[in-house]
Amino acid sequence: MPVKTADRRIPYSVQLLALGLWIYVIGALLPPVLMKTGLHQPASILYTVYSFLCHQLPQRSFFLFGEHPTYTLEDLKERVGLERLPGYPWPRTFIGDPETGWKIALCQRDLAIYGAMALTVTAMLLRGRPWRPLPVWAFLVFGLVPIALDGGSQFVSYVLALVGPVTPRESTPFLRVLTGVLFGSTFAWTLFTRLWLLEWATWEERSHPA
């Protein structure tokens, strides 16, 4: 007799994935809070750890506790000067100051991706059972294509600007967040639902061997 849905526990793998995602997202939000409270050394450690996982460009990141949540590269140049933007136009080591605010350790797009993944899997956990798996074609169309077009066209425009008179295309915070949310939520909906159902199928096979 098949195991009833109500008798099935939530797979530990899905719970661990959800926990890991929230730790990752909250860890990226911690450095600005630590800087604001004067705990500079722990904040510096977190910025360094996340620097291996994200480009952390300040013109593509959110800032907390400052005058504005986002800044363009020109805004930053006018506010703090080139001497405080090492590596300009890619000053990834600039983390902010009390007036500008403090940079979140993940860029806007990455924060949206992992935040959406965490929220999506948490919604399923609260429901107690997975949604119907999202078709792979839907993930490709609604999740992958938008982020590829936005991020890809931005990258290609900067490459072309190195070899010819091309004005680089810089995306916007809205587009980065939108495409990140679409990718993260559809990816989680596609992958985690299948992982969940696979674990349930495995349990049933073990409980009712042929």
Side-chain angles (χ1 to χ4, degrees), residues 9-71 76 91-131 134 139 143-144 146-147 150-151 171-196 199:
R9 68 178 186 271
I10 299 173
Y12 291 128
S13 59
V14 177
Q15 296 181 54
L16 288 173
L17 280 169
L19 178 62
L21 285 167
W22 279 116
I23 290 174
Y24 189 63
V25 171
I26 293 171
L29 296 171
L30 273 179
V33 178
L34 295 172
M35 292 298 294
K36 178 69 174 179
T37 55
L39 299 173
H40 295 176
Q41 187 61 33
S44 178
I45 292 173
L46 283 172
Y47 277 125
T48 300
V49 170
Y50 278 87
S51 70
F52 294 102
L53 307 167
C54 177
H55 59 66
Q56 294 185 335
L57 292 173
Q59 68 269 32
R60 299 178 186 174
S61 302
F62 288 115
F63 284 73
L64 299 181
F65 312 117
E67 187 174 346
H68 300 291
T70 63
Y71 300 94
L76 292 172
R92 65 193 307 260
T93 57
F94 177 76
I95 63 172
D97 56 38
E99 291 73 35
T100 305
W102 303 104
K103 182 177 68 174
I104 292 174
L106 285 175
C107 69
Q108 295 158 357
R109 201 185 308 271
D110 281 1
L111 184 67
I113 289 173
Y114 293 105
M117 290 174 64
L119 289 171
T120 300
V121 69
T122 299
M124 286 192 289
L125 291 175
L126 293 175
R127 185 171 183 257
R129 61 185 186 276
W131 302 323
L134 188 71
F139 164 66
L144 190 60
I147 201 170
D150 186 48
S171 185
T172 65
F174 173 78
L175 285 176
R176 294 187 189 109
V177 170
L178 176 62
T179 56
V181 167
L182 287 173
F183 179 85
S185 57
T186 56
F187 180 85
W189 191 350
T190 302
L191 178 65
F192 294 166
T193 51
R194 286 172 169 80
L195 175 61
W196 194 320
E199 293 242 15

Which residues pass the side chain to side chain contact (heavy atoms under 4.5 Å, CB included) test with L19, sequence neighbours left out? I23
Listed by chain and number, what are the side chain to side chain contact (heavy atoms under 4.5 Å, CB included) partners of S61, not counting sequence neighbours? K103, C107
For residues 105-122, pull every pair meeting salt bridge (charged side-chain N to carboxylate O under 4.0 Å, His left out), keeping only residues two or more places apart or in separate chains. R109-D150
Using the test side-chain hydrogen bond (donor to acceptor under 3.5 Å, both in side chains), find all partners of E67 that sit at least two apart in sequence or belong to another chain. R79
Taking the side chain from S44 and the backbone from Q41, do they hold a donor-acceptor pair closer than 3.5 Å? no
Using residues 113-122 as the side-chain source, report each donor-acceptor pair under 3.5 Å to any protein atom, sequence neighbours left out, with the distance given to one decimal.
from, atom 1, to, atom 2, distance (Å)
T120, OG1, A116, O, 2.7
T122, OG1, W22, NE1, 2.7
T122, OG1, A118, O, 2.6

P31 vs W102 side-chain heavy atoms within contact, under 4.5 Å: no
Do you know the tightest heavy-atom contact between F63 and I95? CE2-O, 3.9 Å
Who pairs with F94 by ring pair (Phe, Tyr, Trp, His ring centres under 6.0 Å), at least two apart in sequence or on another chain? none
In short, salt bridge (charged side-chain N to carboxylate O under 4.0 Å, His left out) pairs touching residues 33-60 with sequence neighbours left out are R60-E170
Tell me the closest heavy-atom pair linking C54 and A105, and the distance in Å. CB-O, 4.4 Å
Test item: T179 side-chain N/O and L175 main-chain N/O as donor-acceptor pair under 3.5 Å: yes
Checking F62 now: which residues fulfil ring pair (Phe, Tyr, Trp, His ring centres under 6.0 Å) with it, not counting sequence neighbours? none
Who passes side chain to side chain contact (heavy atoms under 4.5 Å, CB included) against L39, sequence neighbours left out? L34, T37, P42
Any non-hydrogen side-chain atom of T193 less than 4.5 Å from a side-chain atom of L134? no
Please find the pair of heavy atoms, one from T190 and one from R194, that lie closest to each other, and give the distance. O-NH1, 2.9 Å
Smallest separation among heavy atoms of L29 and L64, with atom names: O-CD1, 4.4 Å
Not counting sequence neighbours, which residues clear side chain to side chain contact (heavy atoms under 4.5 Å, CB included) with W196? List them please. I10, P11, V14, M124, L125, P130, W200
If every non-hydrogen atom of I147 is compared with every non-hydrogen atom of L144, which pair is closest and at what distance? CG2-O, 3.2 Å
Pair listing, ring pair (Phe, Tyr, Trp, His ring centres under 6.0 Å) test, anchored in residues 25-54, at least two apart: Y24-Y50
side-chain hydrogen bond (donor to acceptor under 3.5 Å, both in side chains) partners of Q56, counting only residues at least two apart: none
